[in-house]
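As the structure lists them, so they are numbered: ligands from 1, and atoms in each ligand from 1. When reading the values below, keep in mind they use all heavy atoms of this one structure, side chains included, and skip hydrogens, waters and symmetry mates.
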Amino acid sequence: MLDLVDTLKLRFEEALKSAYGNGSDSYEVAISPASNPQFGDYQTNLALTLSKQLKQPPRAIAEAVIGKVDLKDICEKPEIAGPGFINLKVATSYWEEKINAIKSDPRLGIAKAKHPRKVIVELSSPNMAKEMHVGHVRTTIIGDCLARVYEFAGHDVTRLNHVGDWGTQFGMLVAYLREVCPDALTKPDAISLGDLVSFYRQAKKRFDADAEFQNISRQEVVKLQGGDPDTLRAWKYLLEQSRHEAQIVYDLLDVHNLIERGESFYNEQLPEVVRDLQKAGLCVEDQGAKCVFLEGYKNEQGGPLPLIIQKSDGGYNYATSDLAALRYRVTVERAEEILYVVAADQADHLGPVYQVARRAGWVPDNVRIEHVQFGVVQGEDGKKLKTRAGETIRLKDLLQEGMDRARAELESRLAQEGRTESEEYKQQMARAIGIGAVKYFDLSLNRITNYVFNFDKMLSLSGNTAPYMMYAYVRIRGIERKGEIDFSKLPASAKVILGEPVELDLAKQLLAFDEMIETVTRDLLPNRICEYLFELSQKFNQFYEKAQVLSAPEPVRTSRLILCHLTAEAIKTGLSLLGISVLEKM
Ligand code: ARG
């Protein structure tokens, strides 16, 4: 209820002015949610914080302000508590009016941003020399979720896939490709390498064992950078293979509109980036290398730390391509907000890049740049998740396992219930539940922390999980079926009446959707969505337990049906922000 908070603020500021004239000028009233629902809905500590300035005891200020403030249309009479807190209980009629205003709006009354911002979400960004591994699940899922929330809020979102498609590994891979699979260069369509993981591994083995091969690989890097057509063709072929594998994962994860713009895209801009930094007077030569000395960073000996932007041999670094990317995003693409959804262990890489870009004057002050960090996915042993044989787990295999497990559980449930369902239904279910479970689990935890990957927990039907939330939705749709009602066709003249505390609680939670969206765009924490949804489902359960729905007399029955309908819409919308679709039955 963001507009409610704003209105309360305004009314109190007016009251302060009329009680104290200019003595309270430029004071911004803070309205916060009540610490305990017993005291009402909101509270303000304005009397306590103004006491010194106004040279009066807080309770006296609180009384004076309450005498002036006009809240008749919103609240019951404000109460003073403790040393001078003002507690506010919003009138039921106010909640009724608000809930009735949104009763047929699937956006839960949330308007699109009046001033849409241009937002770039950088996500996924695997190294294309290798296949995507489980580490990339987090950036892809978290990034897509944030992109969805920004889109929902009405912003102009670009999802950028900053793939690693340049650099020395490609010299090695091209050299190896020429050796073992020369046909790939002449008949590229005929040959599929499929699994780049094992191809990469074999190439690396060859590279580590043979100095001559290392030489050839280095020459290939030079040829690649020089634009040699043969090498470029081999490089493109490898990228195509990798892209094909990645697309399987993106399709499974239901991630769309990813724009691939990898490191190679910025290659031509690198000399210019260095020149720009020289012009800005930031670039220093140090042992033949060009670098920028960082502020607030120290090397291991406690001395100044340089960010190398061009090596003494003329080559560029990872940081240089990131500087070019940031410069391009701000100056050419005019991004106003850039979210880098990148593992926490790259903080020491991105922090310096942001700093240098700002010092170079590329980034206007009002442009928001955030490193949206996340922790590691661990196995039961607490170490980075690996296969039994100690190899990295492929994302594709992991998602497949999620679907297989969801399928097995479904089959046994169907058998128990004596139901038969079509193969198509089972496949659709297994996919929605299996993938949804992996996504929800990841997004429901604070992204900063590491987590232990556990299918049993993800697929559990109880607790804050995808199956639980999907099931909550199905149950509500079940009420609709049982009552032979169509929620979307409830009479427009019907009104919600909040007679019982459980109804009021549910309505308040429904009306808090906008606050949830705002917190997510502010803190960039998808787990706030899951918390909201879980709380909503609990409030709904309490409501459904205490209040009759189908057997209630009119007009209460229809009023309660509207609450059911709104709850189903809120769950559906909330899950869609997580990239999870609901099922109509389970
Ligand atoms: N390609 C990198 C990796 O897989 C991630 C890229 C992160 N983004 C960036 N702008 N540096 O580790």
Completion exercise
Residue shell for ligand 1, any heavy atom closer than 4.0 Å, reads Glu122, Ser125, Asn127, His136, His162, Tyr318, Asp322, Tyr340, Val342, Gln346, His349

Handout entry: salt_bridge(Glu569, Arg107) N-O dist < 4.0 Å
Key = no

Handout entry: Criterion salt bridge (Lys or Arg N to Asp or Glu O under 4.0 Å) on Glu240 and Lys236, from CA distance to verdict
Key = CA-CA 6 Å; Glu240 207 36 66; Lys236 283 196 179 135; over 6 Å; no

Practice task
Give a yes or no on this: more than 12 heavy atoms of other residues, nucleotides or ligands lie within 6.0 Å of atom NE2 of His256.
Solution key: yes

Exercise for the section: Tell me, please, which residues at least two apart from Lys112 pass salt bridge (charged side-chain N to carboxylate O under 4.0 Å, His left out). Expected result: none

Fill in the blank from the handout: Contacts of Lys572 meeting salt bridge (charged side-chain N to carboxylate O under 4.0 Å, His left out) (sequence neighbours excluded), chain-then-number -> none

Under 3.5 Å, sequence neighbours excluded: what are the donor-acceptor pairs made by side chains of residues 137-150?
from, atom 1, to, atom 2, distance (Å)
Arg138, NE, Asp442, OD1, 3.3
Arg138, NE, Asp442, OD2, 3.1
Arg138, NH1, Gly375, O, 3.2
Arg138, NH1, Arg447, O, 3.4
Arg138, NH1, Thr449, O, 3.2
Thr139, OG1, Ser124, N, 2.6
Thr139, OG1, Val341, O, 3.0
Thr140, OG1, Ser124, OG, 3.0
Thr140, OG1, His136, O, 2.6
Asp144, OD1, Arg159, NE, 3.0
Asp144, OD1, Arg159, NH2, 3.3
Asp144, OD2, Arg148, NE, 2.8
Arg148, NH1, Ser576, O, 3.1
Arg148, NH2, Asp254, O, 3.1
Tyr150, OH, Glu337, OE2, 2.4
Tyr150, OH, Arg368, NH1, 3.3
Tyr150, OH, Thr521, O, 3.2

